[in-house]
Asker: 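Structure below; questions to follow.
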Amino acid sequence: MDSSVYVFVEDLRGEGVERVLDRISGYGVRGLTVGAAHHASRDVTPHGLSRLTIRHDGAHFAAPHDLFARLRPVPGYLDALDGLRQACTERGLKLHGWTVFLRNLTLGEQHPDVTVRDCFGDRGSLTDLCPAHPDVREYAVALARAVARLGMDSVVAEALHFRPLKPQRSFVPLGPMDAYLFGLCFCDYCMARAADLGVNAEVARDECARIVGGVLDGDPPAQGEVTRAALTAYAGPEVVAYARARSETVTTLVSEVASAVAEEGSRLVFIDSTGAVKGYTDGLPTPGLAAHDAWQLGVDLVALGDLVPAFGVLAYARDAARVADDVGAYLRSVGKDREVRAVLRPGYPDSDSTDRLVAKARGAKAAGASAVDFYAYGLVPHPVLDRIPTALGETP
Ligand SMILES: [Zn+2]
């Protein structure tokens, strides 16, 4: 079974490429998935150079100038990946380039016009670049090419779709459907694309503003999770049609990115964030399977199954049966012949023991996963990482 460990460039800088690779080889994994372009974050790093690591938005390589136009990668640690390809090859490890595409506060602050705009006309999510904006699409394709050119066996795409609303504070009890409507982008490009598909985008926007505005004024929030049926009952068919039209925006973008990556001699692994939205905090995902709810972020897995060779499933769950269910549902959506990789967290909050990790790796394999990836080297104590060899040994 194929496998890899996710690694941050800060891990490589802290411990050194050789030491990290020696450890990872020792786990028996087949490869390394390195954060070539990542988003800003502040993380507890138990065995890092510092115990709190501040990450900046950044591409950790020298980006070729001719590839990029208006939006250019934010320079990160430009030498962080030097020698890594060679060192992986010497150890027989594959190297995958983990790339965060449309989550980038630095670019959003530099170019607010390319970020998402809510139903009230506000740009309050500068972290989220809109996948409908032509400059963003051009940037995404160029970034994918640049990472592929580093000699990556695959380009692992994160945040190559719409993202959910994430305010840092809300003392208004927005229900899941209210938050969803509040998170829909109504920029000119999104509205034009929806209109091209026969959706009345103005009606959809006004309806979202009416509902969310009502809750902000004291109406009771919506109850229950977001489903197509519940959303239709709550917000009407035009809003649902608008939300579904976002899939065309994402599908065409992912298609362009996948083609560009293939032209550069690599392959795209597409990760949608739905599994993280559901289970990131506590490993107790909301009931709907990730594959069934991915449409909410504009991700049409059935359509993408024809365009993308491989998918990563963020199986952020404590329960091995849930991991298997998520992997199975993914394969039914994207097609049985597609490569589906289950991304597992070997420790807190998903795995409290080696046995639990083993059960989840087994569950993923039994459900048809062709690989398991472990997230992530620098975030997890060494004794937890030491569970990986057993998990792989039990699922050869
Ligand atoms: Zn938009």
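FYI, the numbering just counts along the sequence from 1. We count ligands from 1, going down the list as the structure has it; atoms in each ligand are counted the same way.
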Asker: Using the side chain to side chain contact (heavy atoms under 4.5 Å, CB included) rule, take R23 and V20 through it: C-alpha gap first, then chi angles, then the decisive distance, then the call.
Answerer: CA-CA 5 Å; R23 278 191 179 276; V20 172; 5.9 Å; no

Asker: Under a 4.0 Å N-O cut-off, is there an ion pair linking R91 with D22?
Answerer: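 A salt bridge is present here (some side-chain N lies under 4.0 Å from a carboxylate O).
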
Asker: Using the rule salt bridge (charged side-chain N to carboxylate O under 4.0 Å, His left out), only one of R267, K94, R85 pairs with D153; which is it?
Answerer: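 Going through R267, K94, R85 one by one, the salt bridge (charged side-chain N to carboxylate O under 4.0 Å, His left out) with D153 is satisfied by R85 alone.
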
Asker: Which protein atoms of type N, O or S are found under 2.8 Å from the Zn ion (ligand 1)?
Answerer: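 Short answer, with waters excluded from the count: C130 SG, C185 SG, C187 SG, C190 SG.
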
Asker: May I ask you to decide whether D206 forms a salt bridge with R210, counting only side-chain N to carboxylate O separations under 4.0 Å?
Answerer: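 Judged by the 4.0 Å cut-off on N to carboxylate O distance, D206 and R210 do not form a salt bridge.
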
Asker: Determine all donor-acceptor pairs shorter than 3.5 Å in which one atom belongs to a side chain in residues 178-193; sequence neighbours excluded.
Answerer:
| residue | atom | partner | partner atom | Å |
| --- | --- | --- | --- | --- |
| D178 | OD1 | Y234 | OH | 2.4 |
| D178 | OD2 | G175 | N | 2.9 |
| D178 | OD2 | A222 | N | 2.8 |
| Y180 | OH | Q296 | O | 3.0 |
| D188 | OD1 | R117 | NH2 | 2.8 |
| R193 | NH1 | E248 | OE1 | 3.0 |

Asker: Indicate yes or no: does R145 engage E263 in a salt bridge with an N to O separation below 4.0 Å.
Answerer: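 Result for this pair is yes, salt bridge flagged.
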
